Novice: 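Sharing a structure with you now.
All chains are named by letter (A, B, ...) in the order of the sequence lines, taking the proteins before the strands, and each is independently numbered beginning at 1. Just so you know, these numbers come straight off a predicted model, no measurement behind them.
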Amino acid sequence: MPLITLPDGTTREYQDDVTPAQVAADIGPGLAKAALGARIDGELADLSAPITEDAELALVTAKDREGDPDEDAQYLMRHSCAHVMAEAIEELFPGARLVYGPPVENGFYYDIAFPEGSMISSDDFSRVEEVMKRIIKEDRAFNRYALSCADGLEKLRAEGSKYKIDNAERAIEAGSDELTWYATGTPGTDWEDLCRGPHVPSTGRIGAFKLMSIASSYWHGDERSDRLTRVYGTAFADKKQLKAHLARLEEAQKRDHRVLGRKLQLFTIDEQVGQGLILWKPAGAMVRQLLQNFISEELTRQGYAQVFTPHIGKLDLYRTSGHYPYYQESQYTPIIDRETLAGLAEEGCSCGELANRMDEGEIDGYLLKPMNCPHHIKIYASEQRSYRDLPVRLAEFGTVYRWEQSGEIGGMTRVRGFTQDDAHLFCREDQIADEVQGCLHIVKLIFSTLGMTEYRVRVGLRDPDGTKYVGDPGKWDRAEQACREAAATLGVPFSEEPGEAAFYGPKIDFVVKDVIGREWQLGTIQVDYNLPERFDLEYIGADNQRHRPVMIHRAPFGSMERFIGVLIEHFAGAFPCWLAPEQVRVLPISEKSADYANDLLGMLKDRGIRATVDHGSDRIQAKVKVAADLKIPYLAVVGPRDAEQGSVSVRAFGREQNLGALPLDTFVDSVARESESRGASSLMEHFEEVGT
RNA sequence: GCCACCGUAGCUCAGUGGUAGAGCACACCCUUGGUAAGGGUGAGGUCACGGGUUCAAGUCCCGUCGGUGGCUCCA
C-alpha cells in the first residue's frame, strides 16, 4: 500500500503498486499529458516505473515550477533523442555499431563505430534528421524490459556487439543485478538498445532537436583503443527553446576572444611564427600591461620582490628539478651548441643515441624553460637565508614554453609560449597557511575588481591510496588542511578532489568557463616539498641549525594569455575604462572643430588618458559607428556649439543616447579619476539623472 | 598526436571542371555634415603550399602546413 508524498506535501495512498503515470492521471489530465518522467525519492525514473512502497514523488514536466526549462526533463528528452538518432543512423548506415550515448550539458552525443569506408559527415545530418522526424512522428513508446545478467550477456554475445557487451560487463561490475533494454516500440520487433534509462514515455515527446557536430573519440577514452565517431545533437521541449539555444550559441560566437582579438586588434597568430605563439598587438599589449601593473602593485604591497630571469637554462638545471626527465614530451627539444652538434655528426651519432646521451647528462644543452621555478630557486639559493628572512617571495611575469599537442592549441587559451604571473614563496612550514591566504587575497582583489564572479575553485588533495607522493604524511595533512581552510574563505563554490594533488603537494586551482562552455584552469597555488629537497635548499633556524624551507608555487591567473583570452570574453571586448586600450575618442563634427578637438586631446593626454582624434571626413554618424564597433568607452563629440561653450558632448559605450554636455575640465578630470581608481569612481556619475 | 570539417582580397564570405567575385576596410575625389555608416572613382589575388588526374583545376585525388570542433594530454 504505497503512500505517495508529492512535492507540495500532499499525500495519496494506493492499494497496489502504482506508476508515476497513474498518479499523474489521478491528479489531472493536464499533468498526465505534460509528464515526461518522475523523480522517485529524488531518483529520476520512467513514468512507467512501478512504485511498490512509500515514496516521495515529483513528476517531471518540460518546465519547472518557475517556468524555466526543467533540467531533468531535458535529460530525459536528450537521452531519448540519442536513441532516436542512433536508430536513424543504424538505418542509414548499415553496419554502424553503437557504443555509448549519454546526455551532456547542452545536448547529447552517441559514440558510434562506423564500418570501414562508411563514414558519416555533417552533410548527412539532414537525411538523418529526416529519419529522426519520422521516428518521432510515429510516436513509438519507449518500452523497458530487463533480463538477468547471464541471459542479457548471452543475448548480447549472440548479437555480437562488442561494445554493448563491454557496457553490460561494466554495469555488472558496478553492481547491477540485471540488464535493461529500451525498445523504441515493441520489444523484439522494433529498434532497441541496452540502456539503463530512464526515458520519456514515447518518441513523440521529443519536442525539438538538431544534430550539431561530429567529432572523434576513443573507446574508454584510451587513445590506443578503437577510434569512434561521436555525433553531437541537442534537444529541447519545443522549437522556441531550441531556437533560443541556437541564438545563444551565435551570441557566444560574437564574444569569442579569437573573433574579438582580430576585430579589436588585440593579438594575432602567424603560422610562420609558429602555432600557439601569440603576437600581442599594441592594443592587446596595453591591456596586458595595465593588468600586470595592477597585479604588481598588489605584489609590492604584499612584500613580494620582482625578479627577471632568462627564457632558457641549461639542461642540467632541469635534470636536477626533474622537469627534463619527467616531462620531456611536453617540452621543446633542447638546444645544442653548434660545435657539439658538428662533433656528434662527425662521430655518426644517431638521433636516438643523441637523446640517450642527453638523458644521461653526457651532452649538455639548453632548454627553453618550461617553468620558472628552477631559476627562482637559484635566486633563493644565491644567498644564505636566515629564518628571519622568510618568507622570501620572488615574483616574475615569467615566460615559459611548452610543447602542447598540436590538436589542443587554439586562440589564447592553449598556447605554446605564455607568460605566467608567477611567484615562488620560500617559507617555513608554519607559514604555509598565511602565505596561501595572501595568494588568495590577490585572486579575490583582482576578480572582484574585474567583476568576474563565475569561477570555481578546486582543491586538489592526495589520493588516500596513492603511493606517488613525496613528503611525510603529517606535513601533507597540515598543508591540505591549510588549502582547504583558505579555499573556504573565498566565498565561491569549491570542491575537494582527492587524487588531484601534484605528486609534490596539494594545490588550489581556479577554473573558469569560456564562451562555448569549455572549462579552463586559470590560476593555481601549489605547496611543494619536493623541489627544496632536490635543490637542497636551506635556511638557518633560530636553533642555529640548517632547515629545509617549503615552497609555494603560485600563479593566480595562470598565464597572461589565457587570462586575457577569458577576460576578453568576460567583457565581450568592451573593457572598462581603466583597462581599455583606447579610453576616449574625440570626434570633431567637421574640420571646423579640428583645433578644438586637438586642444581636448592635449588635455586628455596631459592626464595620461589614452585618447585619439578622428579627423576623418566622415559624418559624425559614421565616426560614432566606427568607434562603437571598437567598443571605446567614451566618445567626446565636439562641434562649434561646444567650442563656443567650452564643453564636450559625451557618449558612453553601450548607451544609445548622447549623454549630454560637460565642461572640458570636468570631463577630463572624471575620466582620469575613473581610470586611476580602476573604476571605483565613474564619469557616469555626472549623468545619473539622465540615465534613470 | 588522433578523427571530422575547413583554408578564395586586410576582414566576412559567394563561386559544383571552362575569363577570379561581393560587402566592409584601404587610397583618391566630391561632400563640412550634431550622435550606430553621405556619394563617386580606384587599387588590391601564386584561390594556404607541393605534387597528381584532365584538352582545361579555386573546383577532383594525394601529401604538407595552418584553422575549427571534439578525443587524448596539460608538471
Novice: Checking contacts here: which listed nucleotide (B/A75, B/G34, B/G69) is nearest the side-chain heavy atoms of A/Pro640?
Specialist: B/G34
Novice: Give me the ring orientation class for A/Phe667 and A/Tyr634: parallel if the planes are under 30° apart, tilted from 30 to 60°, perpendicular past 60°.
Specialist: perpendicular
Novice: State which residues pass side chain to side chain donor-acceptor pair (under 3.5 Å) with A/Ser495; sequence neighbours excluded, sorted by chain then number.
Specialist: A/Glu497
Novice: Are there any protein N/O atoms within less than 3.5 Å of an N/O atom in nucleotides 10-14 of chain B, and if so, which ones and at what distance?
Specialist:
residue: B/U12; atom: OP1; partner: A/Arg262; partner atom: NH1; Å: 2.7

Novice: Just checking A/Ser406: base, sugar-phosphate only, or nothing, at a heavy-atom cut-off of under 4.0 Å?
Specialist: base
Novice: What integer number of Å spans the P atoms of B/C62 and B/A4?
Specialist: 11 Å
Novice: Ignoring hydrogens and geometry beyond distance, is a side-chain donor-acceptor pair present between A/His257 and A/Asp514 at under 3.5 Å?
Specialist: no
Novice: Mind checking the P distance from B/C6 to B/A14? Whole angstroms is fine.
Specialist: 11 Å
Novice: With a 4.0 Å heavy-atom cut-off, tell me which residues in residues 369-376 of chain A come close to RNA chain B, sorted by residue number.
Specialist: A/Pro370, A/Met371
Novice: Quick one: does NZ or CZ of A/Arg78 land under 6.0 Å from the six-membered ring centre of A/Phe108, within 45 degrees of the ring axis?
Specialist: no
Novice: State whether A/Arg458 and A/Glu519 are salt-bridged, where the test is any N-O pair (Lys NZ or Arg NE/NH1/NH2 against Asp/Glu carboxylate O) under 4.0 Å.
Specialist: no
Novice: Kindly express the pairing pattern of RNA chain B in dot-bracket notation, using | wherever a base pairs with another strand and counting only Watson-Crick or G-U pairs under 3.5 Å.
Specialist: (((((((..((((....[..)))).(((((.......))))).....(((((..]....))))))))))))....
Novice: Among the nucleotides B/G70, B/G34, B/A75, which one has an atom lying closest to any side-chain atom of A/Ile620?
Specialist: B/G34
Novice: In whole angstrom, give me the gap between the P atoms of B/A75 and B/C2.
Specialist: 22 Å
Novice: Return the value, rounded to whole Å, for the distance between atom NZ of A/Lys631 and atom C1' of B/A36.
Specialist: 13 Å
Novice: Regarding A/Arg258, tell me which of base, sugar-phosphate or nothing describes its non-hydrogen contacts under 4.0 Å with the strands shown.
Specialist: sugar-phosphate
Novice: What class does the angle between the rings of A/His424 and A/His376 fall in, given that below 30° is parallel, 30 to 60° is tilted and above 60° is perpendicular?
Specialist: perpendicular
Novice: Looking at A/Arg402, does any N or O in its side chain come under 4.0 Å of the phosphate oxygens OP1/OP2 on B/C73?
Specialist: no
Novice: Who pairs with A/Arg97 by side chain to side chain donor-acceptor pair (under 3.5 Å), at least two apart in sequence or on another chain?
Specialist: none
Novice: Dump the pairs, protein N or O against N or O of nucleotides 59-65 of chain B, anything under 3.5 Å, distances to one decimal.
Specialist:
residue: B/C65; atom: O2'; partner: A/Glu271; partner atom: OE2; Å: 3.4

Novice: Between A/Tyr332 and A/Trp403, what is the ring plane arrangement, given parallel below 30°, perpendicular above 60°, and tilted in between?
Specialist: perpendicular
Novice: Which value, in whole Å, describes the distance between the P atoms of nucleotides B/C47 and B/U19?
Specialist: 15 Å
Novice: Using a 4.0 Å heavy-atom cut-off across all strands, classify A/Phe503 as base, sugar-phosphate, or nothing.
Specialist: nothing
Novice: Hey, can you tell me if A/His245 and A/Phe236 have their rings parallel, tilted or perpendicular (30° and 60° cut-offs)?
Specialist: tilted
Novice: Taking the minimum atom-to-atom distance to the side chain of A/Ile214, which one of B/G34, B/C74, B/A4 wins?
Specialist: B/A4
Novice: Report which part of the nucleic acid A/Gly411 touches: base, sugar-phosphate, or nothing (heavy-atom distance under 4.0 Å, all strands).
Specialist: sugar-phosphate
Novice: Quick one: label A/Ile516 by what it contacts on the DNA or RNA (base, sugar-phosphate, nothing), any heavy atom closer than 4.0 Å.
Specialist: sugar-phosphate
Novice: Mind checking what makes side chain to side chain contact (heavy atoms under 4.5 Å, CB included) contact with A/Thr268, not counting sequence neighbours?
Specialist: A/Leu279, A/Lys281
Novice: Would you classify A/Arg651 as touching base, sugar-phosphate or nothing, given that sugar-phosphate means primed atoms plus P, OP1 and OP2, and contacts are heavy atoms under 4.0 Å?
Specialist: base
Novice: When you compare the protein's N or O atoms with those of nucleotides 37-46 of chain B, which come within less than 3.5 Å of each other, and at what distance?
Specialist:
residue: B/G38; atom: O4'; partner: A/Arg619; partner atom: NH1; Å: 3.4

Novice: Rounded to whole angstrom, note down the P distance from B/U64 over to B/G45.
Specialist: 30 Å
Novice: Determine the interatomic distance between P on B/C60 and the same-named atom on B/U16; round to the nearest Å.
Specialist: 10 Å
Novice: For B/G66 and B/C26, measure between their C1' atoms and round to the nearest Å.
Specialist: 26 Å
Novice: Heavy atoms only, 4.0 Å cut-off, all strands: where does A/Gly410 land among base, sugar-phosphate and nothing?
Specialist: sugar-phosphate
Novice: Got a sec? Which of residues 216-227 of chain A come in under 4.0 Å of RNA chain B, heavy atoms?
Specialist: A/Ser216, A/Ser217, A/Tyr218, A/Gly221, A/Glu223, A/Arg227
Novice: Heavy atoms under 4.0 Å, any strand shown: does A/Gln526 hit a base, just sugar-phosphate, or nothing?
Specialist: sugar-phosphate
Novice: Check every atom of B/A36, B/G69, B/C5 against the side chain of A/Ser121 and return the nucleotide holding the closest atom.
Specialist: B/C5
Novice: Short of 4.0 Å, heavy atom to strand atom, which residues of residues 581-599 of chain A count as contacting RNA chain B?
Specialist: A/Ile589, A/Ser590, A/Glu591, A/Lys592
Novice: Assign A/Tyr504 to base, sugar-phosphate, or nothing according to its heavy-atom contacts below 4.0 angstrom with the strands shown.
Specialist: sugar-phosphate
Novice: Determine whether the aromatic ring centres of A/Tyr504 and A/Tyr529 lie less than 6.0 Å apart.
Specialist: no
Novice: Indicate whether the side chain of A/Thr309 and that of A/Lys378 have a donor and an acceptor atom separated by less than 3.5 Å.
Specialist: no
Novice: Rounding to a whole Å, what distance do you find between A/His257:NE2 and B/U68:P?
Specialist: 8 Å
Novice: Between A/Gln405 (CD) and B/C71 (P), how many Å, whole number?
Specialist: 13 Å
Novice: With distance as the sole criterion, is a donor-acceptor pair present between the side chains of A/Glu582 and A/Thr612 under 3.5 Å?
Specialist: yes
Novice: Run A/Glu435 and A/Arg554 through salt bridge (Lys or Arg N to Asp or Glu O under 4.0 Å) and show every step you take.
Specialist: CA-CA 10 Å; A/Glu435 291 308 307; A/Arg554 41 115 286 173; over 6 Å; no
Novice: Apply side chain to side chain donor-acceptor pair (under 3.5 Å) to A/Asp536 and list each qualifying residue two or more places apart in sequence or on a separate chain.
Specialist: A/Arg548
Novice: How would you label the contact of A/Leu531 with the nucleic acid (heavy atoms, under 4.0 Å): base, sugar-phosphate, or nothing?
Specialist: nothing
Novice: Please compare A/Ser213 and A/Arg414 by the position of their nearest nucleotide in RNA chain B and report the one closer to 5'.
Specialist: A/Ser213
Novice: Say you pick atom P in B/A20 and the same atom in B/G33; how far apart are they, in whole Å?
Specialist: 46 Å
Novice: Anything under 30° is parallel, anything over 60° is perpendicular, the rest tilted; go ahead and classify A/Phe114 against A/Phe93.
Specialist: perpendicular
Novice: In terms of side-chain geometry, is the basic nitrogen of A/Asp256 or A/Arg258 positioned less than 4.0 Å from the acidic oxygen of its partner?
Specialist: yes
Novice: State whether a side-chain donor-acceptor pair under 3.5 Å links A/His686 with A/Thr666.
Specialist: no
Novice: For A/Asp226, enumerate each residue passing the side chain to side chain donor-acceptor pair (under 3.5 Å) test, keeping only those at least two apart in sequence or located in another chain.
Specialist: A/Lys162, A/Tyr163
